[in-house]
Structures are given as structure tokens and as C-alpha cells.
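I have placed the structure first, in the form of C-alpha cells, so that the comments after it can refer back to it.
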Number of protein chains: 2
Amino acid sequence: MEIMKKLTLEEVGKLAGVSRATVSRVVNGYPHIRPEIRERVQRVIDETGYRPNLLARSLASDRSNIIGLVIPSGAQAVFTDPYFPCLTQGISRGVNSNNLTLALFMVHSAKEEERTILSILGTGLIDGLIVTSDNKGDVFIPELLKHEMPFVQIGRSLYSDKIYRVDTDNIAGSYMATQHLISLGYQRIATIATNRNCSGDDRFTGYCSAFADHGKVVDRKLVVYGDYTVDSGYHAMKQLIPQRPDAVFITSDTMALGGMRALQEANLRVPDDIAVVGYDDLPPAVQANPQLTTVRQPIEQTGFLAVSMLVKILSGDDPPSHQIVLPVELVVRASCGATRLKSTSHPIQEDTYQAN
Amino acid sequence: MEIMKKLTLEEVGKLAGVSRATVSRVVNGYPHIRPEIRERVQRVIDETGYRPNLLARSLASDRSNIIGLVIPSGAQAVFTDPYFPCLTQGISRGVNSNNLTLALFMVHSAKEEERTILSILGTGLIDGLIVTSDNKGDVFIPELLKHEMPFVQIGRSLYSDKIYRVDTDNIAGSYMATQHLISLGYQRIATIATNRNCSGDDRFTGYCSAFADHGKVVDRKLVVYGDYTVDSGYHAMKQLIPQRPDAVFITSDTMALGGMRALQEANLRVPDDIAVVGYDDLPPAVQANPQLTTVRQPIEQTGFLAVSMLVKILSGDDPPSHQIVLPVELVVRASCGATRLKSTSHPIQEDTYQAN
DNA sequence: TCTTGATTTGAGAGCGCTCTCAAGTAGAGT
DNA sequence: ACTCTACTTGAGAGCGCTCTCAAATCAAGA
């Protein structure tokens with residue numbers, strides 16, 4: 001059945017008694033072929049197990065159908081945080097369903113950054129990119145713009161509004177989280193924020209506007225910063241404890257884990273002594289004790305939509321909008337104290353508030 | 001400086017007053033070029049920002065310098081488990097330092113399996129593969145063998161001994177873990193095992209041989225199975241509790257997390273009522289409470305070495321050995337009870353026993 | 001000066017595919 | 001029967017690079 005010898009279009013054509021061009025038409029599903037010929041060619045293809053050489057095709061058509069995913073060096077969190085695996089999963093689904101190939105570019109150091117750019121740009125290998133960096137001082141974006149490489153950014157961008165991007169609604173998410181704490185009656189609501197990237201900024205913005213909308217003023221002493229690691233959450237919380245907050249909105253579940261450890265060491269009970277709300281709704285949120293009230297973002301969908309968007313761009317028809325911002329939802333579990341009065345702590349119990 | 005127009009070898013040659021072939025030689029660092037000519041060509045390259053077209057090069061040289069990483073559908077754990085991110089990180093480092101490009105093939109369903117195979121095999125796109133599956137009923141390996149696609153497997157294989165692979169020493173690791181519990185004097189040492197893949201088998205083997213070497217017999221009632229998820233660990237432990245074990249060797253940290261939750265719900269204290277040892281030494285191990293005694297495997301190094309091995313294979317010189325098995329180490333923390341009598345529970349305190 | 005052999009360059013034939021263009025073949029309309 | 005407009009096919013020119021081969025150049029030995 002399957003003959004191992006690598007065949008070419010030409011040879012398949014010879015076997016079917018037609019020209020290379022005709023075989024190419026069959027392979028690519030073009031119209032205007034006499035059914036019997038199409039069938040004959042198809043049979044030869046099936047019998048020989050012919051597969052077109054992708055490199056030759058790409059070279060001739062000036063289209064590789066390979067898209068790249070760039071994960072910048074800033075993201076050391078790759079190990080710790082299920083965020084990237086989830087996102088990659090979504091992107092991979094998108095890639096598969098669009099018959100593309102995914103090239104993964106992980107940048108491990110500033111030095112590799114240059115190398116990566118060079119190996120992507122102007123080599124014809126990559127049709128387009130998905131860039132996950134939303135670090136503020138990013139060097140990639142301007143470079144991509146300059147070289148006119150089509151790309152979609154995951155997250156928010158400091159650059160032009162013309163950049164295609166898909167993001168989750170960080171502002172709304174942290175607004176909800178904060179408002180939830182306010183509505184539960186907490187008075188001294190602190191936050192562990194991040195100022196390294198745009199989503200960090202947005203989450204802080206949401207926190208602030210919830211305060212503003214409730215006629216409250218943000219107390220700078222109740223704002224500390226971390227960097228998305230467990231440790232940074234731990235240390236931030238240590239800093240916070242002397243300020244005696246009665247609730248903390250921690251802008252990532254991973255940091256929340258560290259924060260709760262600090263709380264535990266200080267013999268403060270969650271949520272009785274201090275309420276905690278996280279962000280991300282990644283597995284650690286459920287594994288935590290008590291389980292974390294947190295903001296869930298559709299990470300996998302983000303990746304999938306980014307691919308769809310890129311595909312549209314590559315195919316020439318501009319997507320309707322340059323920006324997609326996906327809604328998030330608040331997942332209420334035990335750590336915020338809202339369920340304190342409820343029946344019992346059934347392991348899977350949770351309430352959900354849809355945004356938008 | 002950098003002219004955006006996409007140049008070809010031919011055009012660079014014209015600018016430098018030499019032929020395409022000569023430019024090619026300069027680009028690829030061949031000898032036998034008059035220094036002044038080399039310099040002149042190099043200057044034109046620098047000034048124009050010429051980059052060779054990788055597709056054309058690949059087609060002409062029959063070598064794409066792209067290697068694929070296959071993550072099979074079995075591995076839904078991708079989200080939960082930092083294992084894959086770590087491994088990918090190592091592979092990515094290897095890829096970068098060998099000037100390759102990494103293509104990521106995630107298979108999300110059995111249906112996609114076929115599609116993936118077809119898009120990899122016989123298309124000329126991929127020079128070689130790294131396959132992470134060690135699922136027993138794997139369909140990839142035989143297919144790769146049949147098509148003579150060079151590949152390195154991460155993990156153990158049921159197939160031929162001729163398969164190139166790199167693995168960690170699962171047998172030694174679980175032997176150490178089990179022996180450690182035995183030497184601490186525990187009498188009823190249970191295990192939460194896995195029988196889905198080879199590493200699961202190996203870890204169970206190690207558990208058994210530690211028993212054998214100490215003249216003990218494995219009690220079947222103290223052996224239950226999970227599937228590497230938190231939930232399965234939870235349920236497995238539920239099953240185990242009625243058997244009254246005084247120690248449990250759980251063959252993954254992720255399952256250990258679930259197991260410890262079950263223990264907590266049953267009001268059993270770790271390690272006082274029951275000792276726990278995990279496997280993997282992933283971040284959850286440290287985040288657990290108490291911190292987990294566990295077996296650490298060099299995951300990132302595994303990935304890196306797999307790439308090195310593949311590069312050797314592709315370059316034609318057969319690697320000295322078909323198999324690399326990396327040593328693992330036991331990391332002693334609080335959950336096994338060994339540190340119970342020691343000074344205090346300093347957060348980073350841990351002892352380490354090197355294997356091999 | 002003439003060989004000999006090494007070094008340095010260019011010409012040209014592909015790699016396997018896409019895609020345009022023109023030639024050939026039918027079917028419909030008059 | 002004859003034109004006109006589809007539809008169907010093949011020829012051939014690339015895509016940008018590698019790599020072989022032979023021509024050209026040059027240094028050194030006889």
C-alpha cells in the first residue's frame with residue numbers, strides 16, 4: 001500500500017498519465033477537473049501515499065503556513081504558572097483547526113532576543129506571529145512593525161492602537177473583585193499589584209476605579225507590589241500585615257499562594273481575620289486552603305481567538321476590529337468570606353458572576 | 001542602513017560585483033575565498049541587511065533545521081502540571097543553542113493524531129522529532145519507525161531497544177523514596193501508583209524492589225492507582241485511608257496534593273499520623289503544607305539532552321549510546337517525618353541525597 | 001619556460017512546487 | 001455547419017538557494 005519512496009508531483013503525474021499541473025490541482029482541490037481524471041489521480045495519490053513537499057510549496061507560493069509563538073524572556077513564570085500552558089493549548093487548537101504549523105520561540109535571555117528576531121524576520125519561514133509579551137519595555141513590537149511582519153499581540157500594548165491584539169478585560173475583572181470586597185463590607189482593602197506589565201497596570205486601574213465609584217480613596221499604604229511569583233506574594237504580604245488590612249485583592253493566584261502562606265505564619269485566618277481575592281483562577285486557586293475567590297479569564301479562548309485573528313489578517317481581509325477584549329468572571333469561593341454563612345464547604349461549591 | 005526590500009543572493013552578488021555562488025559561500029562561511037572579496041561581500045550583506053530565505057535553503061539542501069516536539073493527547077496534564085513547561089524550556093534551550101527552529105505539535109484528540117502524523121511525515125518540513133509520549137498504547141512510535149523519521153523519545157519505550165531516548169531514573173527514584181520510608185521505621189507503606197505509562201510502571205517497580213531488598217512483601221491492599229491528576233490523588237487516598245497505612249509514597253506531586261487534601265479532610269496529620277513522599281519536585285511540592293519530601297528529576301536537562309542527541313543523529317554520527325538515563329535525587333522536607341526532630345521548620349530547609 | 005597542483009570563482013542544473021498562459025475540447029446558440 | 005463561450009489540460013517560467021563541475025588564476029618546482 002504505502003510505498004516509502006519519496007514521490008514528487010511529476011512522478012505521481014506520470015503514474016496517473018497526467019501532467020504535474022493537474023496533479024497539483026487535485027491535491028489542492030481546484031475546480032475544473034474532469035471527475036474521472038480527478039478520481040484517477042486521487043487513486044494514485046492514495047495508493048502511493050504521496051505527500052506534497054511543504055518546503056517546495058511554501059517557496060513557490062510565498063506562504064509557509066507556519067506561524068510563530070513568541071514567549072519573551074521576561075516570562076520566567078513559564079514554569080510556575082499554568083498561564084502559558086493554557087494559552088499555548090488554545091493557540092495550538094487554533095493552529096490545528098486552521099491547518100497551520102506552530103513554531104515556538106522561547107527567548108531565554110536578552111542576548112537571544114536579537115537572535116530570535118533575526119531568525120524570524122526576513123527569512124520567509126514565518127507567515128505571522130503571536131506575541132505574548134506585554135512587558136512595557138518590549139523590543140519586539142517595534143521591530144515587527146518596522147519589518148511589516150503580521151502579528152497579533154496577546155495582552156495590551158503601549159504602542160499603536162493599530163496593533164491587532166486580544167486580551168481579557170483586566171480592568172473589569174479587578175473592578176469586580178474589588179467591588180465584591182467592598183460590598184461585603186470590608187473597610188481596609190489592600191492590593192498586591194504588579195507594575196511590570198500592562199495587565200498589571202490595568203488590574204490596578206480596576207481596583208482604583210472600584211474605589212472611586214464607591215466614594216472611597218485608595219490608601220497608598222495598602223498598595224504593595226509583587227512580580228507574579230509565589231515568593232513575591234509572600235514578601236508583599238509581609239509588608240502589608242503591619243498596615244492591618246481586613247481584605248487583600250492579590251492580582252494573581254500564584255502571588256496569592258505566597259500571600260496566604262505569610263498570613264498563615266502570622267496566625268491570621270482567611271477569611272475570618274482577613275479576606276483574600278485572587279486573579280486568574282488557575283489550579284492553585286482550588287488547591288489553596290481555603291479555596292480562593294478569584295477572577296477567571298478565558299485564557300485558552302484568548303489563544304484560540306488570537307490565531308483566528310491572525311489567520312484573517314494573513315488572508316487579507318482585515319478583521320472587523322483591531323482589538324478583542326474578552327469578558328472575565330468572578331468566581332466566589334471561601335477565601336473572601338462571602339460563603340462564610342452558607343451551609344457547608346462542599347469541595348466544588350462556587351458561585352459565579354458573569355461580566356458584561 | 002537596513003533596506004526593507006527583500007533581497008536575494010543574486011542581487012547581493014550584483015551589488016558586490018560577484019556571483020551568487022560566492023555570496024552563498026560567504027554567508028555559509030566556506031573557506032577558499034579571497035579575504036578582500038569576503039570582506040566586500042560581507043559589507044554589502046551588513047549594509048543591506050540581507051537574510052537568506054530559509055525555505056529556499058531548506059529545499060535546496062534537503063534540510064530544514066526544524067525539529068518537532070510532539071505532545072500527545074494523553075497528556076491532558078499539560079495545564080495542571082509544570083512538567084511540560086519545564087521540559088519545553090529545556091528543549092527550547094537546546095534548540096536555540098543549536099540554531100534550530102522548534103515546531104510544536106500538540107495533539108488534542110485521537111482524530112488529530114492522524115492529521116499530525118501526516119503533516120509531519122513525508123512533507124520535508126521536519127528534520128527530526130522529540131516525542132514525549134510514553135503512553136503504552138502509543139501509535140506514533142511505530143509510524144515514525146516505519147517512515148524512518150529520526151526521533152528521540154523522552155521517557156521509556158515499549159518498542160525496540162534501538163530507539164533513541166532520554167529518561168530519568170524512575171526505578172532508582174522510587175526505590176530511594178520507598179527505602180527512605182522504610183528506614184524511618186514505617187510499617188505500612190502504601191503507594192499511589194499509575195499504570196498508564198512506562199514511567200508509572202517503573203516507579204512501581206522501584207517501590208517493589210525496595211520492599212524486596214528489605215525482605216518485605218508488597219501488600220496489594222496498600223497499592224492504589226491514580227492518573228496524575230489532583231483529583232485522582234484525592235480519590236486514591238480516600239480508598240487507602242481505611243487500610244490504615246502509616247506512610248504513602250505517591251508517585252507524583254500533583255497527586256500528592258490531592259492525597260493530602262483527603263488526609264486533611266479525614267483529620268489525619270502529615271507526617272504525625274501518616275507520612276507522605278511525592279515524586280517530581282515541582283513547585284506544588286514546596287507550596288504544600290507541610291512541604292513535600294519528594295524525588296527531584298532533572299526535567300529541563302532531559303529536554304536539553306534530547307535535543308543534543310537528536311542533533312547528533314541528524315548530523316550522521318551515531319550517539320555513543322541509544323539511551324540516556326539521568327540520575328534523580330531525594331529531597332527531604334517535612335512530609336515524611338524525617339525532619340520532625342530537627343530544630344525548626346525554616347522555609348527553605350531541605351536535605352538532599354544524590355543518586356548514583 | 002612549462003608542468004603540476006592547489007586555490008578561487010562562476011555557470012548552471014536542480015530541489016518540488018505554484019501559477020500564468022495558451023492550446024485544446026466541448027457544448028450552446030444561430 | 002460555424003462561431004462563441006465555457007471548461008479542461010499541459011508547457012514552462014519561476015521561487016531563492018545549494019552544490020557540482022569546470023574554468024581561471026596563481027604559486028612553486030623542474
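By convention in this document, chain letters (A, B, ...) are assigned in the order of the sequence lines, proteins followed by strands, and residues within each chain are numbered from 1.
- Contact annotation: the side chain of A/Val311 approaches that of A/Leu100 to within less than 4.5 Å [non-hydrogen atoms, C-beta and beyond].
- Evaluation of atom-type donor-acceptor distances gives no pair under 3.5 Å for the side chain of A/Arg38 against the base of D/dT8.
- Residue A/Val18 places its side chain closer to D/dG10 than to any other of C/dC17, D/dC17, D/dG10.
- Distances from the side chain of A/Thr22 to the nucleotides D/dT9, C/dT9, D/dC17 place D/dT9 closest.
- One can place CZ of A/Arg51 at 21 Å from P of C/dC15, the figure rounded to the nearest angstrom.
- Side-chain contact between A/Leu87 and A/Thr302 is present, with heavy atoms from C-beta onward closer than 4.5 Å.
- End-to-end axis angle for the helix from C/dT1-D/dA30 to C/dT30-D/dA1, using five pairs per end and rounding to 10°, comes out at 50°.
- Contact check for B/Ser119 versus B/Phe105: side-chain heavy atoms found under the 4.5 Å cut-off.
- Between the side chain of A/Gln42 and the main chain of A/Arg38, no donor-acceptor pair closer than 3.5 Å is present.
- Remark: the B/Arg115 side chain and the A/Asn99 side chain contain an N/O donor-acceptor pair separated by less than 3.5 Å.
- Contact between the side-chain N/O atoms of A/Ser61 and the OP1/OP2 oxygens of C/dT18 is not found at any separation under 4.0 Å.
- Rounded to whole angstrom, the span from the NZ atom of B/Lys14 across to the P atom of C/dA11 amounts to 11 Å.
- Dashed line: the shortest gap from a side-chain N or O of B/Ser24 to OP1 or OP2 of D/dC17 is not under 4.0 Å.
- Under the 4.0 Å criterion applied to side-chain N and carboxylate O atoms, A/Asp127 and A/Arg63 are assigned as salt-bridge partners.
- Distances shorter than 4.0 Å separate none of the side-chain N or O atoms of A/Tyr30 from OP1 or OP2 on D/dC7.
- Going from atom CG of B/Asp62 over to atom C1' of D/dG16 covers 16 Å, rounded to whole Å.
- Between B/Ala21 and A/Ala21, it is B/Ala21 whose nearest contact on DNA chain C lies nearer the 5' terminus.
- Between B/Arg57 atom CZ and C/dG16 atom P the separation is 19 Å, expressed in whole Å.
- Distances from the side chain of A/Asn53 to the nucleotides D/dG10, D/dT18, C/dG16 place C/dG16 closest.
- Put simply, the side chain of B/Gln89 reaches to within 4.5 Å of the side chain of A/Met106, judged on heavy atoms.
- Separating the CD atom of B/Glu10 from the P atom of D/dT18 is a distance of 13 Å, rounded to the nearest angstrom.
- Remark on DNA chain D: of its neighbouring residues A/Ser19 and B/Val27, the 5'-side contact belongs to A/Ser19, judged by nearest-heavy-atom nucleotide.
- B/Leu9 has its CG atom 16 Å from the P atom of C/dT9, to the nearest Å.
- Rounded to whole Å, the distance from CD1 on A/Ile37 to P on C/dT25 is 13 Å.
- Residues A/Thr132 and A/Leu69 are in side-chain contact: their nearest non-hydrogen atoms beyond the backbone lie under 4.5 Å apart.
- Considering only the side chain of B/Arg25, D/dC21 comes nearest among D/dT8, C/dG16, D/dC21.
- A close approach under 4.0 Å does not occur between any side-chain nitrogen or oxygen of B/Thr8 and OP1 or OP2 of D/dG16.
- Residue contacts shown for B/Pro52 are limited to sugar-phosphate atoms, with no base heavy atom under 4.0 Å away.
- Ranked by how close their nearest DNA chain C nucleotide is to the 5' end, B/Gly17 and B/Leu59 are led by B/Gly17.
- Within the nucleic acid shown, A/Asn28 comes within 4.0 Å of sugar-phosphate atoms alone, with no base atom in reach, counting heavy atoms only.
- The phosphate of D/dT9 has OP1 or OP2 within less than 4.0 Å of a side-chain N or O from A/Arg34.
- No N or O donor and acceptor, one from the side chain of A/Arg63 and one from the base of C/dT18, sit under 3.5 Å apart.
- With hydrogens and angles left out, the side-chain atoms of B/Asn197 and B/Arg156 include no donor and acceptor closer than 3.5 Å.
- Across the protein-nucleic acid pair, B/Lys6 atom NZ and D/dC17 atom P stand 10 Å apart, rounded to whole Å.
- Note on A/Ile33: only backbone sugar-phosphate atoms sit closer than 4.0 angstrom, heavy atoms only; bases stay farther off.
- Within the nucleic acid shown, B/Leu54 has no heavy atom closer than 4.0 Å to any nucleic acid atom.
- Heavy atoms of A/Leu55 sit nowhere under 4.0 angstrom from any nucleic acid atom.
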